[in-house]
Amino acid sequence: MKVYKGIGVSPGIAIGKVYVYSHKYVNARPEKISSVKAELKKFEAALKTSKRQIKKLSAKISRHLKKEDSKIIAIQMHFLEDEVFVEKVTRAINGGKSAVESVREVLQEYEEMLLKSEDEYFKDRSLDIKDVGYRIISNILGIKNELEFIDKDVILVANDLTPSDTALLDKSKVLGIVTDSGGLTSHTAILARALGIPAIIGLKDFSLNVREGDEVIIDSENATVILNPDDTTKAYYLGKKQEYEDRKKEILALKDIKAITRDGVSVTIDANIGAPEEVTKAIEYGAEGIGLFRTEFLYINRFELPSEEEQFEAYSYVVKAMKGKPVVIRTFDIGGDKDFPYLGLKKESNPYLGMRGLRFSLANIPMFITQLKAILRASAYGPVSILFPMVSDVKEVIKSKDILQQVKDELIQERRDFDKDVKIGIMIEVPSTALTVENFIGIADFFSIGTNDLTQYTLAVDRSNENVADYYIPLHPSVIKLIGMVQEVAKKNGKKLSLCGELAAFKEGIPVLLKQGIRVYSMSPASIPEVKKYIREITLEGKNIPDGFHQGEVDGGL
Ligand code: PEP
Ligand code: MG
C-alpha cells in the first residue's frame, strides 16, 4: 500500500481497478523490420483489427452521437477497404520498409494530395485519413489502450487528459480520474466536476508507478490516492464512500430551494455546461439558467468543423430544454489548453497568451459567422444571450458586434426567426479588461467574470501546470480587488454581472464574493444543491447564525 498526495478537484470517493492511458502510439517512430513477410502480416492484421474497431465504434456512435460522426466513421471504413491504399502500402513493405513506415508514407501522400485540393470538403478529408492512420499504426504496434474502448468500470489514470481524449470516453465506465498533470481549473478538473466523477490531479509521475489492474482508492476531500490498499483501509473507505453517497442524496433533495442568505440576500445560481446533453444535469440539479455554455467542446474530437445546422441543433436543444429560463452561449474559446488538430493551428509557445477566444474568432471570420448564425437562430426558441470570451480590447468587441449585425441582416434577408435584441456580454478574465471595465459599458449588455483565467493572468500562474499549483490562489487579494472593481462599475451603470469561474462553487470563496456584491453565480451542475444549501446557512458577512433567523427574500444587489 502506498499513499500519494495531489490536488482534489472533484469531490467523492472512488474505489476500483486502474486503467492507464497514454498517447504513445501517436508519436511512435518507425522501427527496424524483421522480414518483409512478417511486416506484411502485421499490416494485414492491423487492417483487420482497425475495421473491427471502427465497426464497434460505429455501433456505439449510432446509438449516442450525431449523424455527422457516423458519416466520418463510414469514410474511415471506406478508406480501410480501399484497394489502392492497401496496394501502395504493400508495395512499400515489399520495397524493404517497415509496416509502420509504409503506412505513414502512404498516408502522407494521401494527405498532401487532399490538402492541395481546392474543394474544402476534400481538404477536410485529410483529417479522417490522419485519424485512421493513427489507428492502423497503433494496431501494428499492438497498443490497444484507447479510451473509446473502455468496457468495464475503471479508475482512469493518465499523464494528462486532453479535451479530445475525454470527448469519446464512455464516462459511465469511469469511477474516478487520476492525472499527473493539471491544476484546479484545468480542463480535466472542470470536466470531472461537471460529470460528478471524483478526481485527483497533479500527482506528478503517478501514472508511471501503476500498472493495469492495480487497485486504487481516491479520496478527493483529503486529496489522497491510495495504491493497492490493505483490507482494513479498503473496508474503512467503503464505509466512507457509503456515507458520502447518503449525504449527496440528502443534498440533492434541496436542489429546488432558493439560495437566500440568513439575512435575506437573494442569489441566483446558474449552471455551466460544455455539451448539450449536460443541460439535463443542470435541470436535475436545480439550475435557474445556463450561465455559461462552453461551445468549444462541440468542436472537439471531430475531423471537421460542425456545420451551422449541427450547431443550431445543439444550441436550440439546450434553449428548448431550459423552457424559458435564460441561456448564455459563449462563442468558441479555442486556444489555451483546447487543441483542435483539424484546424491545423500553429503550435504557440505561450498558448494562453496567444490566439485564443475572441482573438481566434476574429482571425477566422467565416467560422465565427457560422457560429453566430446558429446561435441567433436558436434564440427564436427562448431567451439567449451571447458571451464573448477572452476579451482584451474594446475594438475586438466593436468588430464582433459589426459581424453580428451582418449576420442579423443575412438572417432577416433569409426570413429566419431570431431575437433581434439579443444581449451581448463579455467575459472579464483578462486583468486589463477588469481594470478598464468602464470602457466596455457602452458596448456590452452584461459582464461575466471568469475567475479561472482572471486568476492565472493576474498572478502569472498557468492554471493547468501542477508545478505551480500552490501559486494559483483564486482568493488572492489582487483577484478579489479586481472583482470588486468590476462589480462597482457594473452596479453604478446598471449592468448585469455574474461570475462563472470555478471559484463560484468554492465554499471559502462564496462569503468573500457575496461581500464583493456578486449576486449571480454559474457553476458545474453537480455543485448547485450544495452551494444553495451553504448560502442558506450563512449571512452576508459569511457568519453562521442559528436556524429560525431566516428572513424573507430581499434583493441585495444587481
Ligand atoms: C474562466 O476563465 O473562469 C471561465 C469560466 O472560462 P474557461 O474556464 O472556459 O476558460
Ligand atoms: Mg476563461
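Atoms within a ligand are numbered from 1 in the order they appear, just like the ligands themselves.
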Checklist entry - Which atoms of ligand 1 are found less than 4.0 Å from any heavy atom of Met427? => result 4 (C), 5 (C), 6 (O)
Checklist entry - Taking NZ, NE, NH1 and NH2 as the nitrogens, is one of them in Glu309 or Arg377 under 4.0 Å from a carboxylate oxygen of the other? => result yes
Checklist entry - Which of parallel (below 30°), tilted (30 to 60°) and perpendicular (above 60°) describes Phe312 and Tyr381? => result tilted
Checklist entry - Is Arg356 in contact with ligand 1, taking contact as a heavy-atom separation below 4.0 Å? => result yes
Checklist entry - Which bit of Ile190 is near ligand 1, meaning a heavy atom under 4.0 Å away: side chain, backbone, both or neither? => result side chain
Next on the checklist: Suppose you place the vertex at the Mg ion (ligand 2); what is the angle out to Glu429 OE1 and Asp453 OD2, to 10°?
Outcome noted: 100°
Item to check | ligand 1 contact on Leu292 by region, counting heavy-atom pairs under 4.0 Å | outcome: side chain
Next on the checklist: Judged on heavy-atom distance to atom 10 (O) of ligand 1, which of Gln456, Arg294, Arg330, Arg463 sits nearest?
Outcome noted: Arg463
Next on the checklist: Closer than 4.0 Å to some heavy atom of Gly450 - which atoms of ligand 1 meet that?
Outcome noted: 1 (C), 2 (O), 3 (O)
Item to check | Distance under 6.0 Å and angle within 45° of ring axis: Lys204 vs Phe206 | outcome: no
Checklist entry - What's the shortest heavy-atom distance between Glu296 and Thr331, and which atoms? => result OE1-O, 4.2 Å
Item to check | Minimum heavy-atom distance Ala374-Gln311, with the two atoms named | outcome: CB-CB, 3.6 Å
Next on the checklist: Quick check on contacts: which atoms of ligand 1 are under 4.0 angstrom from a heavy atom of Asp453?
Outcome noted: 1 (C), 2 (O), 3 (O), 10 (O)
Checklist entry - Less than 4.0 Å between a side-chain N and a carboxylate O, is that true for Glu530 and Lys507? => result yes
Item to check | Identified salt bridge (Lys or Arg N to Asp or Glu O under 4.0 Å) counterpart of Asp333 within the set Arg356, Arg294, Arg359 | outcome: Arg356
Checklist outcome for this item: Taking only non-hydrogen atoms of Gly501 and a 4.0 Å limit, the atoms of ligand 1 in range are 3 (O)
